[in-house]
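These notes are about the structure you will find just below.
Since we're looking at a predicted model, the values are computed, not measured. Residue numbers begin at 1 in each chain, while the letters A, B, ... track the order of the sequences.
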There are 2 protein chains.
Amino acid sequence: MSAEITARPKARPGKRTNDPEGLRKRVLDVAEASFQARGYHASSLGDVMAAAGVTGGALHHHFPTKKALALAVIEERVAAAIEETWIAPVQAAGSAREGVRSVFDAVAAELEQQGFVRGCPLNNLAHELSLADPDFRTALAGIFSAWRQAIADKIRADQQAGREHDTDPQRFAALAVAAYSGAMSMAKTAQESGVLRDCLNALEQEASSASSSNGRAGAKRRRRVLRQHRAL
Amino acid sequence: MSAEITARPKARPGKRTNDPEGLRKRVLDVAEASFQARGYHASSLGDVMAAAGVTGGALHHHFPTKKALALAVIEERVAAAIEETWIAPVQAAGSAREGVRSVFDAVAAELEQQGFVRGCPLNNLAHELSLADPDFRTALAGIFSAWRQAIADKIRADQQAGREHDTDPQRFAALAVAAYSGAMSMAKTAQESGVLRDCLNALEQEASSASSSNGRAGAKRRRRVLRQHRAL
DNA sequence: TTATAAACAGACCGGTTGTCCTGTTTTGTC
DNA sequence: GACAAAACAGGACAACCGGTCTGTTTATAA
């Protein structure tokens, strides 16, 4: 219904300023948020136009169809989100397992602070659009693939450095991504972030049957119910 | 677009036969399939009516609103699907871990045979509807909860029987459900079932660092690309 | 049979959606 | 400044969707 997210530098009567890149960015900002909060089909271009302070002509000029807009959101924003919150941190971590743990931890902490679970943008769109259109499916599958690839590569680097043994990189990456995706799915549905910590702890407990360090401190906290929060 | 799933015993000119339960079942059949294939918002009641061979008046009589129809699908069909494919097999299995493995195996085999991945009905609807309506969210969260509960209970039973040690039931259940949900999500997006086997193998490999039996035979097969198949 | 309610038929309507189209303004280039 | 292309404005439209409404038929019970 109501919206007014991005700043709209308008309301100047006589003059106009062409700002193609800025306008395009504003539209993508709003579309990304709307797709995340309400999904693709439930997001109307009218709402996007109103929230971004953009007319129909301008929107059509940059994104001829709704599908084109969604494709741009997927390729530019969703892919970037996975890159920022997962790929880069894992690559920068001391090991693949430590990277996975740190991301789980960071996301869980962020959810607890925000008090509202919007879910994983990639999974949200993947579920709604994978079967709807081949172009959507291809774009989304590529992001999933790159995500797993980065984790698998990190495992391989760990193995070459002697930090990891007898772990199939591809399988480990698949499990890490799946566990995160599934945990976020449950966290979103239950509006409760404890499942993320449960999954992370289970993942580490399973691995630590004969592992090395096990210095996880305050792991007693769980099942923290989130307070309600407004959407969008 | 086109549809003609359920048999429609009509076309008899003069007579009519009231069959409330049968008609209701037919509508739920079609709605379940449509929600699964296209999602909630992309499914129009007109298509459902046409596919089920039902008029608007009849549909409205049994399901006053689209939301009521979806709620019935969730509570009666989706919950039953989880019960049949997950809860019952796990309860009937020799142990929780064996139950989880057998379900993963069975689903992967089914996907490879069908050649098409429709995804998990619970996750499909959960992603689209959890944030859309509190009633949807509550219903879906309950199914997730029961799902995890069944696995956790099985772990507890294993522990009392001495088959399982040092495994947090709740955490294990969360990981199992999350891994499955996430794997199905990726399988649906990639239209490729190998991720399911990757996740299962990783799950067992993680646990078998000091485990007991490890009698998995032909685990070499992976990355089997599915042939295309028509939807709905 | 008659009454009574449930089950069903089918048209109808207001609102919304995505897209298109014509026109105007700005911007860059020679 | 002239000109062409890009950037933007804003209305129009046809299709569709979900819900409602009235009326008819079937089943049930007295």
Open item on the list: Closer than 3.5 angstrom, by distance alone: can the side chain of B:Lys66 be matched with the main-chain N or O of B:Ser43 as a donor-acceptor pair?
Closed with: yes
- [ ] Return the 5'-most residue of the pair A:Pro64, A:Ser44 with respect to DNA chain C, ranking by each residue's nearest nucleotide.
- [x]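 Taking each residue's closest nucleotide, the earlier one in sequence belongs to A:Ser44.
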Rounded to the Å, how far apart are [X] [atom1] and [N] [atom2]?
X	N	atom1	atom2	answer
B:Leu23	C:dA6	CG	P	17 Å
A:Met49	C:dG18	CE	P	10 Å
B:Arg26	C:dC8	CZ	C1'	11 Å
B:Asp19	C:dA7	CG	C1'	11 Å
A:His41	C:dT17	NE2	P	13 Å
B:Leu45	C:dG15	CG	P	19 Å
B:Leu59	C:dA11	CG	C1'	16 Å
A:Phe63	C:dT17	CZ	C1'	19 Å

Measure from the side-chain heavy atoms of [X] and tell me the nearest of [options].
X	options	answer
B:His61	D:dC8, C:dT17, C:dA7	C:dA7
A:Thr55	D:dG10, C:dC8, C:dG18	D:dG10
A:Ala58	C:dA7, C:dG18, D:dA9	D:dA9
B:Asn18	D:dA27, D:dG18, D:dC8	D:dA27

Task: Side-chain N or O of B:His62 closer than 4.0 Å to phosphate OP1/OP2 of C:dC8 - done: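 Answer yes for this pair, as a side-chain N or O of B:His62 is under 4.0 Å from OP1 or OP2.
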Task: Residue pair B:Phe136 / B:Lys67, side-chain heavy-atom distance below 4.5 Å - done: yes
Task: Residue whose nearest DNA chain D nucleotide is more 5′ - B:Gly46 or A:His60 - done: A:His60
Task: Verdict with reasoning, A:Asp168 to B:Asn201, per side-chain contact (heavy atoms from CB on, under 4.5 Å) - done: CA-CA 9 Å; A:Asp168 186 302; B:Asn201 289 327; over 6 Å; no
Task: Working for side-chain hydrogen bond (donor to acceptor under 3.5 Å, both in side chains), residues B:His41 and A:His41 - done: CA-CA 6 Å; B:His41 287 103; A:His41 287 103; over 6 Å; no
Open item on the list: A:Val117 and side-chain contact (heavy atoms from CB on, under 4.5 Å): which single residue from A:Glu110, A:Glu192, A:Lys188 fits?
Closed with: A:Lys188
Open item on the list: With a 3.5 Å cut-off and heavy atoms only, can you find an N or O donor on one side and an acceptor on the other between the side chain of A:Arg16 and the base of C:dT26?
Closed with: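 No.
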